[in-house]
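All chains are named by letter (A, B, ...) in the order of the sequence lines, taking the proteins before the strands, and each is independently numbered beginning at 1. Here the structure is a predicted model, which means the values were calculated and not measured.
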Amino acid sequence: MAKKAKTAITPTRTEDYTEWYQQVVRASDLAERSPVRGCMVIRPWGYALWENIVRELDDMFKATGVKNAYFPLFIPLSFLEKEAEHVEGFAKECAVVTHHRLEKGPEGGLVPAGSLNEPLVVRPTSETIIGDSFSKWVSSYRDLPLLINQWANVVRWEMRTRIFLRTSEFLWQEGHTVHATDKDAIERTRLMLDVYAKLAEEYLAIPVIKGTKTPSERFPGALDTLCIEAMMQDRKALQAGTSHFLGQNFAKASDIKFHSAEGTEEYAWTTSWGASTRLIGGLIMTHGDDDGIILPPRVASSHVVIMPIAKKPEDRSKVMEYTETLAKELREKYYHHRRIQVEIDDRDVGGRGWDWIKKGIPVRVEIGPRDIADNSVFIGTRDKEYKDRSSLKRDQFVAEITNILDEIQDTLFQRALTFREKNTIIINDNKQFYEFFTPQNQDKPEIHGGFSLSPWCGSEECESKIKEDLSVTIRCIPFDNEAEKGNCICCGKPDSKQVIFAKAY
RNA sequence: CGGGGCGUGGCGCAGCCUGGCAGCGCGUCUGCUUUGGGAGCAGAAAGUCGGAGGUUCAAAUCCUCUCGCCCCGACCA
C-alpha cells in the first residue's frame with residue numbers, strides 16, 4: 001500500500017468535501033463563525049480578498065456609467081408588501097425590527113421596549129426602498145437611464161447556513177437601474193451579466209456559463225433572471241452572480257414614471273443585479289486543494305511572502321537587509337493596477353511555509369545566506385507541488401514577477417476549465433441521465449455527476465420531476481447552445497432546447 | 001422547519017456503555033540541540049467537559065430541559 005501523502009488539510013476533498021471546505025476556511029484564516037447564529041466574522045486575510053473583488057467590480061461598474069449611492073438598512077414593512085411576488089419570495093426569511101429601546105427587565109437584564117408603529121424589515125434586498133427614491137428622482141426621459149449601485153450588507157434568515165456560501169448576513173453589491181424602454185433595460189441586464197462573467201473568469205479564474213434561469217428559478221418579481229454558473233470541485237453548480245430584468249413590475253409597485261419625448265407618461269423599466277461574498281466560497285471550492293486555498297493573483301490578499309532563513313545570528317542582519325530590499329523593490333511594481341503586496345515572515349519556526357500554503361499566497365520566496373552569495377532567490381508557487389521549487393536570479397525574479405503571477409492566474413483558470421469540461425457531458429438518453437446523477441453508494445454518496453447538457457421541453461412538470469427524483473435542477477439555459485434542439489430528457493418531447501442540469505449549492 | 005449525528009484547552013479527538021484526581025496528538029510559550037525547512041529533546045501555559053436543572057457521598061459519564069454546530073430533506077445569492 002502506498003503511503004498516504006501528508007496534506008495540510010484533513011480530511012481531503014475526496015474523503016469528505018464539506019468538511020474539507022470548512023477546514024480550509026479555518027486553516028486559511030479567511031473567516032470564522034461568530035457567536036451570532038448563521039453569521040461570520042471575515043478575518044483580515046479574507047476581507048483583503050473581498051476588498052480586491054470590490055475594487056475590480058466597482059471599477060467595471062463605473063466604466064459602464066454606474067454611480068454608487070447608499071440606501072437605508074431598514075425597510076418599512078409596507079414597502080416590501082408592494083410587489084406581490086417579491087413579498088412571497090422574501091417574507092419567510094426576513095429579520096424584523098419591532099422595538100426601538102431596551103429597558104431593565106423585572107428579573108434584571110434588558111428587554112425590548114417602545115414598540116414601533118410600523119415594523120422595519122432588515123433589508124434582504126433593496127428593490128423597494130431604492131424604488132421609492134427612484135420614483136422621486138425620475139420624472140423625465142431625460143433623467144434616464146438612471147444607473148445606481150450600492151455596496152451593502154443584507155440579511156436573509158436562512159434555515160441552513162454555510163460560511164461564505166449562505167450566511168444570514170452577507171456583503172454584496174446590488175445594482176439598480178431605470179430605463180425608458182424594455183430594450184434598454186434588457187441590454188443593461190445582459191451587460192451587467194457580462195461584467196460578472198468577466199470578473200469571475202479574468203480575476204477569480206473561475207470559468208462560468210452564462211445563461212437564463214427557468215421561470216421557477218427566477219428572482220421574485222423579475223420577468224427574466226440571467227446568471228453565471230460555475231462548477232465546484234465536487235461537480236456541483238454554484239450561482240456566482242445574477243442580473244434581473246424586472247420589466248415594469250417594480251416601477252408600478254414604486255410608482256416610477258416618466259414623461260416621454262412624445263409627452264406621454266410611462267412606467268419605467270428597471271433592472272437589478274448582484275454579486276456577494278459567496279464568490280469567496282466559489283473561489284475556495286474552485287481552486288482549493290488538499291493543502292488549503294489557492295488565491296488567484298489578481299485578487300489575492302497578498303502576492304508574495306518572503307521567508308528569510310538566518311539561523312546563525314551573524315547571518316541575520318545580512319539576510320534581513322537582502323529581504324527588505326527585495327520587498328521594497330517588489331512593492332514598487334504593479335500587477336493589474338494594484339501594487340504588489342509583499343509579506344515578510346521572519347518567524348523562526350519550522351512550518352511557517354505551510355501557513356502560507358494554507359492561506360493560498362501565490363508566491364513564496366525563501367532567502368538564506370547561500371541565495372545571497374549567489375545573488376538569487378528560492379521560490380515556490382502555489383499552483384505547483386510543494387517540492388517543486390527552484391532557484392532564480394534575484395534580478396530576474398523582480399523583472400519577471402508579473403509574468404510569474406500571470407502564469408499562476410492562467411494555470412488556475414485552465415485547470416478549472418479543464419475540470420469543468422471533463423465533467424460536463426451531453427446526455428440525450430433518460431436512463432443515462434439517471435445513472436449520471438445517481439451515486440453508486442446511496443448511504444455515503446461519493447462525488448459523482450457533474451453538468452449535463454440535455455434537452456428540456458420547457459414544462460415545469462418535467463423540471464420538478466427531475467428535481468424530486470434526483471435533486472438535480474436546471475441551472476440555466478445557456479446562451480451558447482440556443483440553436484441545439486433534442487428530445488426532452490424527461491418526457492421525450494421533440495424540439496426541446498438544451499439546458500444545463502446539475503446539483504446545486 | 002422535519003429526520004439523523006455531534007458538542008471535552010486554539011484545532012483534531014479519546015474517555016461516557018460499567019459514575020471515583022480531565023487525558024492524547026497537533027499548535028502555542030521557555031530552554032537546549034539542529035542549521036536550506038512541515039525539526040529533535042526537556043519543560044510550561046492553556047478546560048467551570050456547550051448551558052441550566054435533577055439523581056448521587058461523588059457526574060464529562062446517568063436523567064430532564066435548553067442552546068449551538070454538522071449532515072440529509074424543504075427554502076435560497
Exercise for the section: Sequence neighbours left out, what passes salt bridge (charged side-chain N to carboxylate O under 4.0 Å, His left out) with Asp469(A)? Give chain and number order. Expected result: Lys465(A)
Handout entry: Side chain of Phe378(A) - closest among A77(B), G38(B), G36(B)
Key = G36(B)
Exercise for the section: Using the C1' atom on both, measure G27(B) against C71(B) and round to a whole Å. Expected result: 28 Å
Problem - Polar side-chain atom of Arg26(A) near backbone of Ala31(A) as donor-acceptor pair, under 3.5 Å - result: no
Practice task
Give Thr167(A) one of three labels, base, sugar-phosphate or nothing, depending on what nucleic acid heavy atoms sit under 4.0 Å from its own.
Solution key: base
Completion exercise
note: Asp346(A), atom CG; U35(B), atom P; distance rounded to Å ~ 22 Å
Exercise for the section: Could you check whether Phe219(A) gets within reach of a base, just the sugar-phosphate, or nothing at all, counting any heavy atom under 4.0 Å? Expected result: nothing
Practice task
Starting from P on C26(B), measure out to NZ on Lys358(A) and report it in whole angstrom.
Solution key: 14 Å
Exercise for the section: Under 4.0 Å between any heavy atoms, over every strand shown, what does Thr242(A) touch: base, sugar-phosphate, or nothing? Just pick one. Expected result: nothing
Exercise for the section: Test Asp291(A) against Arg382(A) for salt bridge (charged side-chain N to carboxylate O under 4.0 Å, His left out), laying out the working first. Expected result: CA-CA 10 Å; Asp291(A) 288 325; Arg382(A) 187 59 181 86; 5.3 Å; no
Exercise for the section: Write down the distance separating the P atoms in C26(B) and G43(B), rounded off to the nearest Å. Expected result: 14 Å
Exercise for the section: Check every strand shown and say whether Pro369(A) touches a base, only sugar-phosphate, or nothing at a heavy-atom separation below 4.0 Å. Expected result: base
Exercise for the section: Verify the contact: side-chain N or O of Arg37(A) to OP1 or OP2 of C67(B), cut-off strictly under 4.0 Å; return yes or no. Expected result: no
Practice task
Taking atom C1' in both A59(B) and U18(B), compute the distance separating them and give it to the nearest angstrom.
Solution key: 14 Å
Practice task
Can you tell me, in whole Å, how much space there is between the C1' of G47(B) and that of G36(B)?
Solution key: 39 Å
Exercise for the section: Kindly assign one of parallel, tilted or perpendicular to the pair Trp269(A) and Phe245(A), based on the angle between their ring planes and the thresholds 30° and 60°. Expected result: parallel
Handout entry: Nearest-angstrom distance, C1' atom, C29(B) to C62(B)
Key = 40 Å
Problem - Watson-Crick or G-U wobble partner of A52(B), both distances under 3.5 Å - result: U64(B)
Practice task
For G2(B), give its Watson-Crick or G-U wobble partner with both distances under 3.5 Å, or none.
Solution key: C72(B)
Problem - Derivation and outcome, side-chain contact (heavy atoms from CB on, under 4.5 Å), residues Phe451(A) and Phe501(A) - result: CA-CA 6 Å; Phe451(A) 285 7; Phe501(A) 283 96; over 6 Å; no
Exercise for the section: Please name the pair of heavy atoms, one in Ser168(A) and one in Thr161(A), separated by the smallest distance, quoted to 0.1 Å. Expected result: OG-CG2, 3.9 Å
Completion exercise
Trp354(A) atom CH2 is separated from A39(B) atom P, nearest whole Å, by 11 Å
Problem - Whole-Å gap separating P (C11(B)) and CD (Glu32(A)) - result: 9 Å
Exercise for the section: Would you indicate what Leu238(A) reaches in the nucleic acid, counting non-hydrogen atoms under 4.0 angstrom: base, sugar-phosphate, or nothing? Expected result: nothing
Exercise for the section: For each nucleotide in nucleotides 70-76 of chain B, reading 5' to 3', give B when a protein heavy atom comes within less than 4.0 Å of its base, S when such contact involves only the sugar-phosphate, and - otherwise. Expected result: SSBBBSB
Exercise for the section: Run the ring-centre check on Tyr17(A) versus Tyr21(A) and record whether the distance is less than 6.0 Å. Expected result: no
Exercise for the section: Using Watson-Crick or G-U wobble geometry with both distances below 3.5 Å, tell me the partner of G47(B), or none. Expected result: none
Exercise for the section: Describe the nucleic acid contact of Ala8(A) in one word from base, sugar-phosphate, nothing, applying a heavy-atom distance below 4.0 Å. Expected result: base
Fill in the blank from the handout: Heavy-atom nearest nucleotide on RNA chain B taken for Gly38(A) and for Arg26(A); more 5' hit belongs to Arg26(A)
Completion exercise
Between CG of Asn153(A) and C1' of A77(B) the distance, given in whole Å, is 14 Å
Exercise for the section: Could you tell me whether Gly380(A) contacts a base, only the sugar-phosphate backbone, or nothing, with contacts defined as non-hydrogen atoms closer than 4.0 Å? Expected result: nothing
Handout entry: Basic-acidic side-chain contact under 4.0 Å: Asp58(A), Lys62(A)
Key = yes
Practice task
Please say whether more than 12 non-hydrogen atoms of neighbouring residues, nucleotides or ligands are located less than 6.0 Å from CD in Glu321(A).
Solution key: no
Exercise for the section: Tell me what Gly368(A) touches on the nucleic acid: a base, only sugar-phosphate, or nothing, going by heavy atoms under 4.0 Å. Expected result: base
Problem - Base partner of U18(B), which must satisfy Watson-Crick or wobble distances under 3.5 Å - result: none
Problem - Touch class at under 4.0 angstrom, heavy-atom based, for Asp355(A) against every strand present - result: nothing
Handout entry: Check: His448(A) side chain, Glu435(A) main-chain N or O, donor-acceptor pair, under 3.5 Å
Key = no
Handout entry: Span that lies between the C1' atom of C49(B) and that of C21(B), in whole angstrom
Key = 15 Å
Problem - Between U28(B) (P) and Asp29(A) (CG): distance, integer Å - result: 13 Å
Completion exercise
Nearest-nucleotide check on RNA chain B, Ile9(A) vs Ser168(A); residue mapping nearer the 5' end is Ile9(A)
Exercise for the section: Would you tell me if any nitrogen or oxygen in the side chain of Gln23(A) comes within less than 4.0 Å of OP1 or OP2 on G12(B)? Expected result: yes
Fill in the blank from the handout: Across every strand shown, the nucleotide meeting Watson-Crick or G-U wobble geometry with C41(B) (both distances under 3.5 Å) is G31(B)
Exercise for the section: Kindly say if Arg370(A) contacts the phosphate of G36(B), meaning a side-chain N or O under 4.0 Å from OP1 or OP2. Expected result: yes
Problem - Watson-Crick or G-U wobble partner of A59(B), both distances under 3.5 Å - result: none
Exercise for the section: Sticking with atom C1', work out how far A42(B) lies from U34(B), rounded to a whole angstrom. Expected result: 15 Å
Exercise for the section: With C1' as the reference atom in both, quote the distance from A14(B) to C6(B) in angstrom, rounded to an integer. Expected result: 15 Å
Handout entry: Whole-Å gap separating P (U35(B)) and CD1 (Ile367(A))
Key = 22 Å
